[in-house]
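Below, chain A is the first sequence line, B the second, and so on; all start at residue 1.
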Amino acid sequence: MKAPRAASPPQSEAELEERARSIAGLTVRELAARFDLPLPESSTRGKGFAGTLAELALGASAGNRSEPDFVELGVELKTIPLDQRGRPLETTFVTTVPLHQILELEFEQSPLYHKLRRVFFLPIEGEAPLPERRFGLGFFYSPSEEELAIIRRDWELFGELIATQEMESIDGTLGEIVQIRPKGRDASDRVLGPLQEGSAEGARGEEGGLAYARPLGFYLRTSHTRAIVARALAL
DNA sequence: GATTGATCATGT
DNA sequence: ACATGATCAATC
């Protein structure tokens, strides 16, 4: 049996939903077999495997571009691991923090806003061994006006901390819906960010108003995704 | 048990 | 180097 290639992009939200229905109930092992992909040797080494499988099966535009997964639909795909009671086990990564741009961007222009406008959540069992995890039934989500107001407040809080040279004080405790946490290869990873006052030039790699900083990411708190999932299951 | 900071794999 | 896909594991 020949391995099927990645599905073509869905032409509508209805088509995306239909494809998701067709894989609901399948395990990671079963879906990997359809694409002739070897299973990761351990869950430690396969952290993104289920998400990649879902992209292949649903027809997300492959690759790692800074675009929505379904470009034509403007939809972002997120697999979300749930416990047996249907509660998220992990926070949800949204997008990298644009350290060099955040001071100039209004919320409506931010990658955070654009990624969250329209999301297709695909639940997956999170407690079984990776190969045995089953995909659930996916559903669409858009933030309400109330949620958007809170997310905008979070965005502006972080922007202000960076603008006032308090980047070092940003940690995972801040933000009501969205938090900022490290998102790098390891703790020594660095990207070019805004120059912090008082930093030793040269020693920190200062370069035309930029300095090296830890790469950071926006994540959705489980308290929020829990509410989203609960709402979707209740419908 | 929930949370925060650290980490793994892959593609361009 | 940096984006994508996230989960692991030490600590609170």
For DNA chain B, whose closest nucleotide is more 5', that of A187(A) or that of L89(A)?
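On the 5' side of the pair lies L89(A).
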
Both R87(A) and D171(A) contact DNA chain B. Which one's nearest nucleotide lies toward the 5' end?
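Final value for this comparison: R87(A).
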
Short question: side chain of K115(A), backbone of S110(A) - any donor-acceptor pair under 3.5 Å?
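Judged by distance alone, no pair lies under 3.5 Å.
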
Within the side chain of E55(A), is there an N or O that forms a donor-acceptor pair under 3.5 Å with the backbone of D69(A)?
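A pair under 3.5 Å: no.
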
What does [X] touch in the nucleic acid at a heavy-atom separation under 4.0 angstrom: a base, only the sugar-phosphate, or nothing?
X: T91(A); result: base
X: P81(A); result: sugar-phosphate
X: T52(A); result: nothing
X: R226(A); result: nothing
X: K115(A); result: sugar-phosphate
X: R45(A); result: sugar-phosphate
X: G48(A); result: base
X: G184(A); result: base

Identify which nucleotide among [options] has an atom closest to any side-chain atom of [X], counting heavy atoms from C-beta outward.
X: E76(A); options: dC2(C), dC8(C), dG5(C); value: dG5(C)
X: P182(A); options: dA6(B), dT7(C), dT4(C); value: dA6(B)
X: Q179(A); options: dC8(C), dA6(C), dT4(B); value: dT4(B)
X: K47(A); options: dC8(B), dG5(B), dT4(C); value: dC8(B)
X: V191(A); options: dC2(C), dT7(C), dT4(B); value: dC2(C)

Send over the distance from [X] [atom1] to [N] [atom2], rounded to a whole Å.
X: D186(A); N: dA10(C); atom1: CG; atom2: C1'; result: 17 Å
X: E176(A); N: dT3(B); atom1: CD; atom2: P; result: 14 Å
X: F93(A); N: dC8(C); atom1: CZ; atom2: C1'; result: 17 Å
X: R181(A); N: dT7(C); atom1: CZ; atom2: C1'; result: 10 Å
X: R185(A); N: dA3(C); atom1: CZ; atom2: P; result: 16 Å
X: K78(A); N: dG5(C); atom1: NZ; atom2: C1'; result: 8 Å
X: L174(A); N: dG5(B); atom1: CG; atom2: P; result: 10 Å
X: D189(A); N: dA9(B); atom1: CG; atom2: P; result: 15 Å

Ignoring hydrogens and angles, does a donor from either the side chain of K183(A) or the base of dG5(B) sit under 3.5 Å from an acceptor on the other?
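Absent.
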
Using a cut-off of strictly less than 4.0 Å, decide whether S43(A) has a side-chain nitrogen or oxygen near OP1 or OP2 of dC8(C).
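Answer is yes, contact under 4.0 Å.
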
Closest nucleotide of DNA chain C for T96(A) versus for E90(A): which of these residues is on the 5' side?
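The residue mapped nearer the 5' terminus is T96(A).
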
Nearest 0.5 Å, please: how far is CG in L122(A) from CG in L77(A)?
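So the CG of L77(A) and the CG of L122(A) are separated by 6.0 Å.
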
How many angstroms lie between atom CZ of R87(A) and atom CG of L82(A), to the nearest 0.5 angstrom?
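The distance works out to 11.0 Å.
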
Run the side chain to side chain contact (heavy atoms under 4.5 Å, CB included) test against Q179(A) and tell me which residues pass, sequence neighbours left out.
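T91(A), R181(A), Y219(A), R221(A).
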
With clusters defined by side-chain heavy atoms of hydrophobic residues (ILVMFWY) lying less than 4.5 Å apart, directly or transitively, does I180(A) cluster with F93(A)?
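No, because F93(A) and I180(A) fall into different hydrophobic clusters, even though each may have its own neighbours under 4.5 Å.
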
